[in-house]
Amino acid sequence: MKVRNQELRALFTPEETERLKQRMAEAGVRNRSAFIRKMVLDGYIIKLDTSDIREMITLLRHSSNNLNQIAKRLNATNSVYGADIAEMQVKQDEIWELVREIAARLSTIQ
């Protein structure tokens with residue numbers, strides 16, 4: 001853990017303070033000291049929109065649950081329904097399409 005024992009002070013106008021609060025909100029940062037330190041040392045903060053990744057995780061959970069249900073049925077009856085397999089294939093296709101979209105957008109980040 002870094003020991004921070006050097007205090008630096010800066011004065012801001014009310015307008016600058018408001019702008020600082022806006023920038024912190026845009027970056028999703030609540031800790032003013034951390035935000036100022038990051039901006040001074042690195043000059044930027046990257047905030048990624050992870051809503052697509054959360055959607056993909058939800059689809060993966062649904063797919064995993066469906067697969068578990070099919071496995072239980074298969075173990076109990078030694079048979080599986082074609083509709084179940086088709087549904088799993090559709091879900092997997094949705095997940096892969098989302099993965100391709102996310103990967104394409106991530107590749108444009110510089």
Side-chain angles (χ1 to χ4, degrees):
M1 179 181 226
K2 293 182 181 180
V3 176
R4 293 190 171 96
N5 56 10
Q6 300 292 313
E7 182 178 345
L8 301 176
R9 294 179 43 101
L11 299 176
F12 294 88
T13 67
E15 295 80 17
E16 291 169 336
T17 302
E18 187 57 37
R19 179 69 178 129
L20 174 64
K21 289 177 185 177
Q22 290 172 356
R23 295 283 309 271
M24 287 174 60
E26 290 169 4
V29 176
R30 290 188 174 139
N31 185 319
R32 185 184 308 180
S33 180
F35 179 80
I36 292 171
R37 188 170 37 255
K38 181 73 172 167
M39 292 302 292
V40 167
L41 297 176
D42 297 332
Y44 59 89
I45 292 180
I46 297 174
K47 181 177 183 215
L48 298 176
D49 176 10
T50 59
S51 59
D52 288 341
I53 294 172
R54 287 192 302 271
E55 180 183 346
M56 184 180 63
I57 289 169
T58 299
L59 288 173
L60 284 169
R61 280 192 188 113
H62 292 179
S63 180
S64 296
N65 288 340
N66 290 344
L67 185 58
N68 284 338
Q69 290 171 0
I70 290 170
K72 285 180 183 179
R73 187 178 310 132
L74 183 60
N75 286 332
T77 65
N78 283 336
S79 66
V80 67
Y81 300 114
D84 290 337
I85 299 299
E87 181 183 352
M88 286 295 297
Q89 287 174 332
V90 168
K91 292 287 186 192
Q92 290 298 316
D93 289 343
E94 288 177 20
I95 292 168
W96 277 111
E97 180 60 31
L98 193 53
V99 167
R100 281 190 283 276
E101 289 174 15
I102 292 169
R105 283 202 313 269
L106 287 174
S107 70
T108 64
I109 296 175
Q110 295 181 6

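This chain uses plain numbering: 1 for the first residue, then up along the sequence.
Hydrophobic cluster membership is shared by Met56 and Leu106, with clusters built from Ile, Leu, Val, Met, Phe, Trp and Tyr side chains linked at under 4.5 angstrom. Ile95 and Met88 are assigned to two separate hydrophobic clusters, defined by single-linkage of ILVMFWY side chains at heavy-atom distances under 4.5 Å. Criterion: ILVMFWY side-chain heavy atoms under 4.5 Å apart, direct or through other members. Under it, Trp96 and Leu98 are part of a common hydrophobic cluster. With hydrophobic clusters built from ILVMFWY side chains whose heavy atoms lie under 4.5 angstrom apart, Leu60 does not share a cluster with Leu67. One hydrophobic cluster, built from ILVMFWY side chains closer than 4.5 Å, cannot hold both Val90 and Ile85; they sit in different ones.
Atom CD1 of Ile102 sits about 12.0 Å away from atom OG of Ser107, to the nearest 0.5 Å.
Contacts of Arg54 classified as salt bridge (charged side-chain N to carboxylate O under 4.0 Å, His left out), with partners at least two apart in sequence or in another chain: none. In this structure Gln92 satisfies the side-chain hydrogen bond (donor to acceptor under 3.5 Å, both in side chains) test together with Ser63, sequence neighbours excluded.
The number of heavy atoms from other shown groups lying within 6.0 Å of CZ (Arg37) is above 12. Residue Leu8 qualifies as open at atom CG: its count of foreign heavy atoms under 6.0 Å is 12 or below.
Taking the side chain as every heavy atom from C-beta outward, Glu15 and Glu18 never approach each other to under 4.5 Å.
A donor-acceptor pair under 3.5 Å is absent between the side-chain atoms of Thr50 and the main chain of Ile53, judged by distance alone.
Between Glu97 and Arg100 a salt bridge is recorded (basic side-chain N to carboxylate O distance below 4.0 Å).
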For this session: Go through the steps for Arg19 and Gln22 under the test side-chain contact (heavy atoms from CB on, under 4.5 Å), then give the verdict.
Result: CA-CA 5 Å; Arg19 179 69 178 129; Gln22 290 172 356; 3.7 Å; yes
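When all heavy atoms are compared, the tightest approach of Leu11 to Glu16 is O-OE1, 4.2 Å. In terms of heavy atoms, Met24 sits closest to Arg30 at CE-O, 3.4 Å.
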